[in-house]
Amino acid sequence: MSNNESPLRLRKKHGAGASPNVSAADGERLVRAQSARGAIMAALIAIIIFSVLWVTMSSLFSRVFPWMTAVLGYMIGYAVRYAGRGVDWYFPVIAASMALAGSLIANIVVAASVTADDMGISTVNILSAVTSMTWPVFFDEVWNIADGFFAIVSAALAAFFANRKLTRTQYFALRLWREEQVHD
């Protein structure tokens with residue numbers, strides 16, 4: 001402790017207080033590293049993997065678990081985070097919309113799987129036989145309020161986990177770049 005410091009002051013554990021050695025160019029590199037296409041592709045892959053996982057679990061336990069769509073939101077959020085490397089506002093929007101679409105798609109695949117097991121045919125045969133007359137039956141008999149609720153939870157989780165985690169210096173560089181963009 002130096003002579004100038006008060007004995008009642010707590011020790012600093014967060015650094016010397018000097019500004020980090022970054023510039024707006026570092027923030028620009030973070031923005032340029034983003035990939036909306038990578039985020040969408042990763043979300044589609046997560047939907048496919050999740051659908052297979054959900055069908056497998058449903059057939060193993062002979063039950064459909066509607067809360068599994070919350071797991072889909074978590075998967076999509078992390079897939080968008082790592083593949084998209086996004087720092088902008090539209091990455092959570094991409095993740096949430098893909099989670100909503102994925103919840104609907106996964107529910108359709110699980111319903112087709114259950115129907116296929118009851119009829120003794122393959123899931124692909126059921127999905128290929130879908131017509132415009134099938135959709136009202138699906139939404140009347142299969143899709144319920146719990147599925148809608150879990151789809152919204154899935155979208156919220158996906159949006160929450162979608163943005164890239166930044167260090168303090170990365171955030172500072174991004175802020176410098178955004179301030180530079182405003183003033184130009």
Side-chain angles (χ1 to χ4, degrees), residues 29-166 170 174:
R29 276 194 291 281
L30 286 172
V31 171
R32 291 194 189 276
Q34 301 179 115
S35 172
R37 181 177 18 180
I40 292 170
M41 292 304 294
L44 288 173
I45 291 169
I47 290 170
I48 291 168
I49 291 170
F50 173 77
S51 296
V52 170
L53 175 73
W54 198 11
V55 166
T56 304
M57 284 191 59
S58 295
S59 65
L60 281 176
F61 293 108
S62 299
R63 284 188 66 177
V64 175
F65 301 104
W67 53 265
M68 285 285 290
T69 53
V71 175
L72 173 65
Y74 181 78
M75 285 176 63
I76 288 178
Y78 271 95
V80 168
R81 174 184 286 179
Y82 288 112
R85 303 185 56 78
V87 294
D88 283 332
W89 61 270
Y90 55 87
F91 284 92
V93 172
I94 289 172
S97 58
M98 293 300 285
L100 287 173
S103 297
L104 181 62
I105 291 168
N107 269 298
I108 291 168
V109 171
V110 168
S113 171
V114 170
T115 304
D117 285 344
D118 291 344
M119 298 177 103
I121 57 177
S122 73
T123 304
V124 175
N125 287 344
I126 293 290
L127 289 173
S128 65
V130 170
T131 64
S132 62
M133 303 294 286
T134 310
W135 297 117
V137 174
F138 171 77
F139 285 108
D140 285 342
E141 294 180 8
V142 177
W143 187 268
N144 58 32
I145 194 76
D147 294 319
F149 172 76
F150 287 120
I152 292 170
V153 169
S154 173
L157 283 171
F160 180 77
F161 288 112
N163 268 348
R164 179 179 176 181
K165 283 189 174 182
L166 299 175
Q170 287 173 330
L174 183 64

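For the single chain, residues carry numbers from 1 onward in sequence order. Computed from a predicted structure; not experimentally measured.
- Heavy-atom minimum distance, V87 versus L30: CG2-O, 4.5 Å.
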Steps toward side-chain contact (heavy atoms from CB on, under 4.5 Å) verdict (L72, F150)
CA-CA 10 Å; L72 173 65; F150 287 120; over 6 Å; no

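- By the 4.5 Å heavy-atom criterion applied to side chains, I126 and M119 are counted as neighbours.
- At least one donor-acceptor pair closer than 3.5 Å links the side chain of T56 to the backbone N or O of V52.
- Minimum interatomic distance between A99 and S154 (heavy atoms only, all atoms of both residues): CB-OG, 3.5 Å.
- Here the CE-CE distance, from M98 to M75, works out to 12.5 Å after rounding to the nearest 0.5 Å.
- More than 12 heavy atoms of other residues, nucleotides or ligands lie within 6.0 Å of CG in L60, so this atom counts as buried by the packing criterion.
- Between the side chain of N144 and the backbone N or O of A146 there is at least one donor-acceptor pair closer than 3.5 Å.
- The distance from the CD1 atom of I94 to the CD1 atom of I40 is 4.5 Å, given to the nearest 0.5 Å.
- The nearest pair of heavy atoms linking A111 to V142 is CB-CG1, 3.8 Å.
- Between W143 and L104 there is a side-chain heavy-atom pair separated by less than 4.5 Å.
- Remark: side-chain polar atoms of Q34 are paired, donor with acceptor, to backbone N or O of D88 under 3.5 angstrom.
- The line from CZ of R81 to NZ of K165 is 5.0 Å long, rounded to the nearest 0.5 Å.
- Within 6.0 Å of CZ on F139 lie more than 12 heavy atoms contributed by other residues, nucleotides or ligands.
- To the nearest 0.5 angstrom, S103 atom OG is 7.0 Å from F50 atom CZ.
- A pairwise comparison of heavy atoms in A162 and P92 identifies CB-CA, 3.8 Å as the closest pair.
- Between I76 and A158, the closest heavy-atom pair is CG2-CB, 4.1 Å.
- Remark: N125 CG to T115 OG1 distance equals 12.5 Å, nearest 0.5 Å.
- Judged by distance alone, the side chain of S113 and the main-chain N or O of V109 form no donor-acceptor pair under 3.5 Å.
- Rounding to the nearest 0.5 angstrom, the gap separating the CZ atom in R85 from the CZ atom in F91 is 10.5 Å.
- Applying the side-chain contact (heavy atoms from CB on, under 4.5 Å) rule to F160 yields no partners; only residues at least two apart in sequence or on another chain are considered.
- Between I108 and L127 there is a side-chain heavy-atom pair separated by less than 4.5 Å.
- Side-chain contact between V80 and F161: absent, with no pair of heavy atoms (C-beta onward) separated by less than 4.5 Å.
- In this structure, W67 and F65 have tilted ring planes: the angle between them lies in the 30° to 60° band.
- A donor-acceptor pair is defined here as one N or O able to donate and one able to accept, closer than 3.5 Å; no such pair exists between the side chain of W54 and the backbone of T69.
- Shortest non-hydrogen contact noted between D117 and S59 is OD2-CB, 4.3 Å.
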